[in-house]
Amino acid sequence: MENGSMNASNQCEADPLVAFVEARIAEDERIATTVAAISPTDDREFCTWMTTFALDPARYIMAVDYQRVLADCAAKRRMVAAYLEVESHPSRNYAPAVDYMETVVREIAGIYADHPDYREEWRELGPLT
């Protein structure tokens, strides 16, 4: 998948897999940021607490270490950025790296396989198998 002149935002728009993963990361970040804002503790080491779910008061949401969720989101973003970087490289020598990094991004997408926008073709196993 050589795109050469495409920038990262164009690649994200052109690649449904990347767009899907970026959207899920953004959702996780929004939830963790909201939890951080309403947390009844300022414990930065580890916090666990439970409250009613704002969108459905009959349900509860358990907040566990929102700092770790934010760090997880940042790591996933770096992996996606690495994929986009090698994917846009004009050299054919990068093809194995592109295949490998695409598999990494597919694995990230698989975390959200229960999401209605997830596509089954992303489940195909790549070079990591």
Side-chain angles (χ1 to χ4, degrees):
M1 288 198 274
E2 292 184 28
N3 293 334
S5 64
M6 292 180 76
N7 65 34
S9 65
N10 287 341
Q11 285 175 313
C12 185
E13 292 170 15
D15 188 335
L17 173 64
V18 171
F20 174 82
V21 170
E22 288 284 348
R24 302 299 72 78
I25 294 169
E27 288 171 357
D28 289 349
E29 285 174 330
R30 273 194 304 277
I31 292 167
T33 301
T34 300
V35 168
I38 63 172
S39 175
T41 178
D42 60 359
D43 181 356
R44 295 290 178 201
E45 294 300 314
F46 183 81
C47 71
T48 303
W49 52 278
M50 187 181 292
T51 188
T52 55
F53 186 55
L55 302 177
D56 183 356
R59 292 175 54 203
Y60 287 89
I61 186 168
M62 183 165 192
V64 179
D65 203 359
Y66 55 83
Q67 300 93 341
R68 185 167 294 155
V69 173
L70 292 172
D72 180 75
C73 290
K76 288 174 185 172
R77 284 194 187 283
R78 288 190 299 272
M79 287 181 246
V80 170
Y83 165 63
L84 292 174
E85 183 178 336
V86 298
E87 199 268 339
S88 68
H89 198 279
S91 172
R92 289 187 182 267
N93 294 335
Y94 275 62
V98 171
D99 290 344
Y100 184 84
M101 290 304 299
E102 181 179 11
T103 299
V104 170
V105 175
R106 285 175 185 246
E107 290 295 326
I108 295 170
I111 296 168
Y112 308 99
D114 62 341
H115 191 279
D117 294 337
Y118 181 80
R119 296 182 183 180
E120 281 303 313
E121 66 260 23
W122 296 334
R123 193 177 305 277
E124 297 173 15
L125 299 177
L128 291 180
T129 61

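Just so we're clear, the structure is a prediction, and the values are computed from it rather than from any experiment. Note that these values count all heavy atoms, side chains included, but never hydrogens, waters or copies made by symmetry.
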Peer 1: Report the residues that fulfil salt bridge (Lys or Arg N to Asp or Glu O under 4.0 Å) with D117, sequence neighbours left out, ordered by chain and then residue number.
Peer 2: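 Expected list: none.
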Peer 1: Rounded to the nearest 0.5 Å, how far does CG of L70 lie from CG of D28?
Peer 2: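 Reported to 0.5 Å precision, the distance equals 9.5 Å.
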Peer 1: Does a donor on one side chain and an acceptor on the other come within less than 3.5 Å for Y94 and D99?
Peer 2: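 Side-chain D/A pair, Y94 to D99: absent.
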Peer 1: Output all residues satisfying side chain to side chain donor-acceptor pair (under 3.5 Å) with R77, sequence neighbours left out; order by chain, then residue number.
Peer 2: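 Scan of R77 (side chain to side chain donor-acceptor pair (under 3.5 Å), adjacent residues dropped) gives E22, E29.
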Peer 1: Decide side-chain contact (heavy atoms from CB on, under 4.5 Å) for Y118 and I111; before the verdict, give the C-alpha distance in whole Å, the side-chain angles of both, and the deciding distance to 0.1 Å.
Peer 2: CA-CA 10 Å; Y118 181 80; I111 296 168; over 6 Å; no
Peer 1: Evaluate the side-chain contact (heavy atoms from CB on, under 4.5 Å) criterion for residues V18 and Y83: first the C-alpha distance (whole Å), next the side-chain angles of each, then the deciding distance (0.1 Å), finally the verdict.
Peer 2: CA-CA 9 Å; V18 171; Y83 165 63; 3.5 Å; yes
Peer 1: For the pair E87 and E102, evaluate side-chain contact (heavy atoms from CB on, under 4.5 Å) and give the outcome as yes or no after the intermediate values.
Peer 2: CA-CA 8 Å; E87 199 268 339; E102 181 179 11; over 6 Å; no
Peer 1: Please step through side-chain contact (heavy atoms from CB on, under 4.5 Å) for the pair H115 and F20, ending with a clear verdict.
Peer 2: CA-CA 10 Å; H115 191 279; F20 174 82; 3.7 Å; yes
Peer 1: Verify, without hydrogens or angle tests, whether R106 (side chain) and E121 (backbone) share a donor-acceptor contact under 3.5 angstrom.
Peer 2: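 Confirmed, R106 side chain pairs with E121 backbone.
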Peer 1: Do T33 side-chain atoms and R30 backbone N/O form a donor-acceptor pair below 3.5 Å?
Peer 2: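 No; judged by distance alone, with no hydrogens or angles, the pair does not exist.
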Peer 1: Closest heavy-atom contact between S88 and E85?
Peer 2: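 Nearest heavy atoms, S88 then E85: OG-O, 3.2 Å.
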Peer 1: Using a strict 4.0 Å threshold on nitrogen-to-oxygen distance, state whether D72 and K76 make a salt bridge.
Peer 2: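 Looking at K76 together with D72, the answer is yes, because their closest N to O distance falls below 4.0 Å.
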Peer 1: Which value, rounded to the nearest 0.5 Å, describes the distance between I25 atom CD1 and C73 atom SG?
Peer 2: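 With rounding to 0.5 Å, CD1 (I25) is 6.5 Å from SG (C73).
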Peer 1: Does V21 belong to the same Ile/Leu/Val/Met/Phe/Trp/Tyr cluster as V104, with side-chain heavy atoms less than 4.5 Å apart forming each link?
Peer 2: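 Hydrophobic grouping puts V21 with V104.
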